[in-house]
Amino acid sequence: MQIIIITAADANYFELVRGTILSVREKPEGENVAIGFFDLGCTPEQLQWLETQVNIIKKPDLDFDFPGKNEAPHYLKGLLARPFLRSYFPDFDIYLWIDADAWVQDWQAVELLVKGAAKRGLAVVPELDRGYYLAYGKLSWYWEFVYRDYQAAFGEEVAQKLHSYPTINAGVFALHKNAPHWELWAEYLAQGLQQHVSLMSDQIALNRLVYGTALFDKTEILPAWCNWSCNFGLPVWDKQRGCFVEPYLPQEAIGILHMTGHKHDLVKLATTDGDTIEISLRYQPIQPKKMRVQAQSETANNTLLPAGDYISPGLKIILPDAYFPNMIVGDTQTCPWPYLRREIPHNWYVDGRASSVGFLSRDEAHILYNTALQFSGKTALEIGCWLGWSACHLALAGVALDVVDPLLEREDIRQSVIDSIQGALNASGVQTTVELIPGYSPQRVEEFANQFNRKWSLIFIDGEHGGDGPLNDAIVCEKLAEKDAIILFHHLAAPDVAKGLNYLKEKGWHTVIYQTMQIMGAAWRGNVEPVAHQPDPNIAWELPAHLQGYDVSGNSQKTSEISYKKMNINTPI
């Protein structure tokens, strides 16, 4: 019997679907199973990864005509293609669909879905369980929501008849190639789309064919643990088994965990022993080995680093690249920022989803990591994390990290940051906390500090790079830093960023410059010291005029004034 597992995603859902796919591939039973994928708008880099994991990639069409078709969102194609899986992926016996926000924890669920489809034609899971809030009146609005969808798509009579039935979830199902459900599903879906188009259109049509026809007897109804809907009730964590389980005895292991509704990151769950735990509901890829932290002597001359990277001798090295699957070496000519030091031949890392915005260079990330190692177990603040490369290096040093960035309001960015940091922490075995705080600095920094009576021993300023932003960040951080503290800056190649370091210097803080791709700097006070750094000896380093007079780490004397000839900072590129 030939089985295919099918899922779909666009670029925004790639991190979720990556977990879906790996949750199959990283199990012995799923290592060689066929996987089909609907590309709803993934980036070339994401597709490159997908090609290594799935067997067939297709771009679905809108297979129906309905009012507003031309304005329909692109992701609707993934919903409306489901009754036509046999056409897109021919020659299979069982078609098992798993949404991008669901993943396989226990293979027994896959086996039951396949067995149910082989036995009756269709195998599905209703959104009903003793562990769901629905059973106890906590989600009373949901029945009205379902009623309105039935009514909008199929009219009052159908709504009255079917709305009180337990809703069948269409995010996980299995269908036999010869099941009679395919054609009727497409027929009902075509009817409903003429009246109402929504994210529930395919599910409402599926429910109508199961409950409103003789096909109920040709449908295998499976228990909730085969497709656990988290927005109806959170699971419980079993510490001994290391898995998510049902809330009530006998607490069967969840087979497929489905993050319906909110795409949960860290949540507080009850445990089977009466404790609580903060844990991600996302799939955590299996790592056969712990992440290595290496002394510089183990990587003499940086020979084990990617070509184009440099790390100062003496710094401990950690490489969390595997947890940034979209990270690539960028083309500096695509960056419009006038202060980018394009002449420095070190790798300029970017995320393939936004290739004009750079990360810290390898050397800069390790200045950050090694500085943070001095503060392991203490509080640290990062202003501006972008997609989490710098935050990951801070967290891996074991600091209790608070991160403020307005981009964390975006679900896709926030979840990408969470996935990268948590994956790296799990692999390294480092135990720490990371608090992601959406908002603009310095206002949000002050609010958070006042709310939680917080001060920080280590602060990394890498937020706004222009105007008074860096200066204002420095002013608030000077007030909120502990007595013994280090404040690091990135992008000091920009004169406005240097205003922040200048302010701290004027307030009596010690200061030093690091000659790196984008120039880092440190200010410190009290019983702490910045890490020592040796600039790449193969580069003839120069400093811009606005940094003259600062000590440079690795140099025995203050720099004399050197004209910064290689960059016309007045001409944007």
Side-chain angles (χ1 to χ4, degrees), residues 23 96-99 101-117 119-120 122-147 149-150 161-174 200 203-204 206-208 210-211 216-217 219-264 266-283:
S23 75
L96 172 55
W97 178 277
I98 303 178
D99 272 356
D101 57 355
W103 57 274
V104 180
Q105 177 180 249
D106 190 317
W107 199 259
Q108 287 188 74
V110 174
E111 292 176 344
L112 268 186
L113 284 158
V114 171
K115 185 176 180 180
K119 176 183 177 182
R120 293 183 186 264
L122 171 66
V124 292
V125 181
E127 295 172 337
L128 186 65
D129 186 81
R130 62 207 166 110
Y132 284 177
Y133 310 137
L134 283 170
Y136 309 102
K138 293 183 180 180
L139 294 177
S140 56
W141 59 266
Y142 185 73
W143 303 113
E144 180 64 25
F145 169 75
V146 173
Y147 181 90
D149 262 344
Y150 274 123
K161 179 181 179 182
L162 302 181
H163 82 279
S164 62
Y165 284 64
T167 308
I168 292 168
N169 186 278
V172 176
F173 65 86
M200 296 280 285
Q203 184 160 300
I204 289 296
L206 178 66
N207 276 256
R208 184 179 180 187
V210 170
Y211 293 133
F216 181 80
D217 291 334
T219 301
E220 189 73 21
I221 305 296
L222 297 178
W225 59 262
C226 289
N227 178 17
W228 188 270
S229 295
C230 290
N231 65 318
F232 296 130
L234 292 174
V236 168
W237 180 253
D238 189 315
K239 293 179 182 178
Q240 289 189 336
R241 287 186 283 174
C243 67
F244 298 103
V245 299
E246 296 175 302
Y248 296 111
L249 293 173
Q251 296 186 310
E252 295 285 347
I254 301 298
I256 295 178
L257 194 75
H258 195 168
M259 289 171 285
T260 48
H262 179 68
K263 311 310 172 193
H264 293 281
L266 292 178
V267 295
K268 288 185 177 179
L269 293 186
T271 63
T272 52
D273 61 0
D275 198 2
T276 59
I277 187 173
E278 190 171 42
I279 193 170
S280 174
L281 295 185
R282 301 273 181 126
Y283 178 70

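The figures that follow rest on heavy atoms only: side chains count, while hydrogens, waters and symmetry mates do not.
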When rounded to the nearest 0.5 angstrom, what is the spacing between [atom1] in [X] and [atom2] in [Y]?
| X | Y | atom1 | atom2 | result |
| --- | --- | --- | --- | --- |
| L257 | Q105 | CG | CD | 7.0 Å |
| S164 | Y150 | OG | OH | 9.0 Å |
| L122 | I168 | CG | CD1 | 7.0 Å |
| C226 | E252 | SG | CD | 10.0 Å |
| K115 | E111 | NZ | CD | 9.5 Å |
| R130 | Y248 | CZ | OH | 8.5 Å |

Verify, without hydrogens or angle tests, whether [X] (side chain) and [Y] (backbone) share a donor-acceptor contact under 3.5 angstrom.
| X | Y | value |
| --- | --- | --- |
| T272 | D238 | no |
| Y211 | T167 | no |
| Y283 | A102 | no |

For I256 and L113: C-alpha separation, side-chain torsions, deciding distance, then whether side-chain contact (heavy atoms from CB on, under 4.5 Å) applies. CA-CA 11 Å; I256 295 178; L113 284 158; 3.8 Å; yes

Closest non-hydrogen atom pair, [X] against [Y]:
| X | Y | result |
| --- | --- | --- |
| P166 | P126 | CB-CB, 4.1 Å |
| F216 | V210 | CB-O, 3.1 Å |
| L206 | A170 | CD2-CB, 3.9 Å |
| E246 | D129 | OE2-OD1, 4.3 Å |
| G171 | H258 | CA-CE1, 3.8 Å |
| R241 | Q251 | NH2-O, 2.8 Å |

Taking the side chain as everything from C-beta on, heavy atoms only, tell me whether [X] gets closer than 4.5 Å to [Y].
| X | Y | result |
| --- | --- | --- |
| Q203 | D149 | no |
| W103 | R282 | no |
| D106 | C243 | no |
| H163 | F145 | no |
| V110 | L96 | yes |

For I221 and V124, run side-chain contact (heavy atoms from CB on, under 4.5 Å): C-alpha distance rounded to whole Å, both residues' side-chain angles, the deciding distance at 0.1 Å, then the answer. CA-CA 5 Å; I221 305 296; V124 292; 3.8 Å; yes

Classify the ring geometry between F244 and W237 as parallel (under 30°), tilted (30 to 60°) or perpendicular (over 60°). perpendicular

Quick one: sort the W228 and Y132 rings into parallel, tilted or perpendicular, breaks at 30° and 60°. perpendicular

Within 6.0 Å of CD in Q240, more than 12 heavy atoms from elsewhere: no

Atom NZ of K161: over 12 foreign heavy atoms under 6.0 Å: no

Run F173 and T219 through side-chain contact (heavy atoms from CB on, under 4.5 Å) and show every step you take. CA-CA 11 Å; F173 65 86; T219 301; over 6 Å; no

Given side-chain contact (heavy atoms from CB on, under 4.5 Å), test I204 with L162 step by step and report yes or no. CA-CA 10 Å; I204 289 296; L162 302 181; over 6 Å; no

With T260 as reference, evaluate D101, D99, N231, N227 under the side-chain hydrogen bond (donor to acceptor under 3.5 Å, both in side chains) test and give the passing residue. N231

Sorted by chain and number, sequence neighbours left out, side chain to side chain donor-acceptor pair (under 3.5 Å) with N207 holds for none

